[in-house]
Protein chains: 2
Amino acid sequence: MYKNQLDLVFSALADPARRGMLEQLAGGESNVGTLAKPHAMSQPAISKHLRVLERAGLIQRTRRGREHRIRVDPRPIEAASTWIGHYARFWKQQFDAIDAYLKAHEKDIHTNIQPKELQK
Amino acid sequence: MYKNQLDLVFSALADPARRGMLEQLAGGESNVGTLAKPHAMSQPAISKHLRVLERAGLIQRTRRGREHRIRVDPRPIEAASTWIGHYARFWKQQFDAIDAYLKAHEKDIHTNIQPKELQK
DNA sequence: CTTATACATAACCTACAGGTTATATAAATC
DNA sequence: GATTTATATAACCTGTAGGTTATGTATAAG
């Protein structure tokens, strides 16, 4: 199946081990062994997680001898942040508006009188 | 397996059909049938997607007769937005800093002279 | 040259995601 | 009361996610 960038980024972020690795990489460039240490799993499992992050475009890899240097690429995560941030703000605003509305009509609700905007 | 809130939210967002439903819900409260229409899949498939969104806390449901009214709950998406936004900003800043650094040392690079910060 | 290190790849297993069709349930309509 | 409408649930299938162990490969160190 063909997955787009957002699909890949969000599903990469859905695993705590992978989010952990990204957090580790916030401290700067690293390598596979160092990234593996805090995680209680085999080395091939780490390799798989890194490949998922790489396919989502979230990390980039350069070989330096037998070592693989890993660093974050901030661009796809920024795209995801834009998507999610847009809706987060929009819904928060909606939510706050409803909240304010409910507060304004508190008396009506308590007296079981429905403001006509909500009547069918 | 036990999944935390962030896991559930990100994996819920990883499917384009579910993101589509959330976008539909940005236009306001809706019901299952209406949410189903734009998606080329069976009604049970829609029900499953809605259950995933519900378990992630992204939507709330109230029964009104035989109809289920669905609306967004902005709180979990805001949590996800916070996580992702934090790192997005951080990495963008890192990225821009590296970019600026590279620009500042452009001549050194072109002449193959390595600034001593990068020497092994 | 031999051994150790840092990784990837292969083969395998189990669980679950995401779709299907068929059926159930509850409410609305005729 | 019978039918239609709105939805859920069950049973099933296929593919893939995420883990394992075993093995391969290239580079570094002794």
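Every chain is numbered from 1 and lettered A, B, ... according to where its sequence line falls, protein lines coming before strand lines.
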- Nearest-angstrom distance from the residue atom CG of B:Leu50 to P of D:dT7: 9 Å

- Note on the structure: Considering only heavy side-chain atoms of B:Asn31, the closest of D:dT7, D:dA22, C:dG19 is D:dT7

- Message: At less than 4.0 Å, is any side-chain N or O atom of A:Ser42 found next to OP1 or OP2 of D:dG19? Yes or no.
- Response: no

- Send over the distance from A:Phe10 CZ to C:dA17 C1', rounded to a whole Å. 18 Å

- Message: Membership question, hydrophobic clusters at under 4.5 Å side-chain separation (ILVMFWY): are B:Val52 and A:Ile84 in the same one?
- Response: no

- Considering only D:dA10, D:dT20, C:dG18, which nucleotide approaches the side chain of B:Lys48 most closely? C:dG18

- Query: Looking at the side chain of B:Ala45, which of C:dA17, D:dT7, C:dG19 is the nearest nucleotide?
  - Reply: C:dG19

- Taking the side chain of B:Arg61 as heavy atoms from C-beta outward, which of D:dT7, C:dG18, D:dG18 is closest to it? D:dT7

- Query: Can you tell me how far P of D:dG18 sits from CG of B:Asp7, to the nearest Å?
  - Reply: 10 Å

- Item | Heavy-atom closest pair, residues B:Gln24 and B:Pro38 | NE2-CG, 3.4 Å

- Query: Can you check the B:Arg63 CZ to D:dA6 C1' distance for me, whole Å?
  - Reply: 12 Å

- Message: Over all strands shown, is A:Arg64 touching base, sugar-phosphate only, or nothing at heavy-atom distances under 4.0 angstrom?
- Response: nothing

- Message: Under 3.5 Å, is there any donor-acceptor pair linking the side chain of B:Arg66 to the base of D:dT7?
- Response: no

- Message: Hydrophobic clusters here meaning ILVMFWY residues chained together by side-chain heavy-atom distances under 4.5 Å, can you tell me if B:Leu13 and A:Leu8 are in one?
- Response: no

- Determine the interplanar angle of the A:Phe10 and B:Phe10 rings, folded into 0 to 90°, and report it as parallel if under 30°, tilted if 30 to 60°, perpendicular if over 60°. parallel

- At under 4.0 Å, does any side-chain N or O of B:Ser47 touch on OP1 or OP2 of D:dA8? yes

- Message: Tell me the interatomic distance from A:Gln43, atom CD, to D:dT23, atom P, rounded to whole angstroms.
- Response: 15 Å

- Using a cut-off of 4.0 Å on non-hydrogen atoms, how would the nucleic acid contact of A:Arg18 be classed: base, sugar-phosphate, or nothing? sugar-phosphate

- How close or far is atom C1' of D:dT5 from atom CD1 of B:Ile46, stated in whole angstroms? 17 Å

- Query: What is the distance, rounded to the nearest whole Å, between atom CD1 of A:Ile70 and atom P of C:dC7?
  - Reply: 8 Å

- Show your reasoning for whether side chain to side chain contact (heavy atoms under 4.5 Å, CB included) applies to B:His68 and B:Val32. CA-CA 6 Å; B:His68 292 205; B:Val32 179; 4.1 Å; yes

- Message: If I take atom CZ in residue A:Arg55 and atom P in nucleotide D:dG18, what distance separates them, rounded to the nearest angstrom?
- Response: 13 Å

- Are any of B:His68's side-chain N or O atoms less than 4.0 Å away from OP1 or OP2 of D:dA8? yes

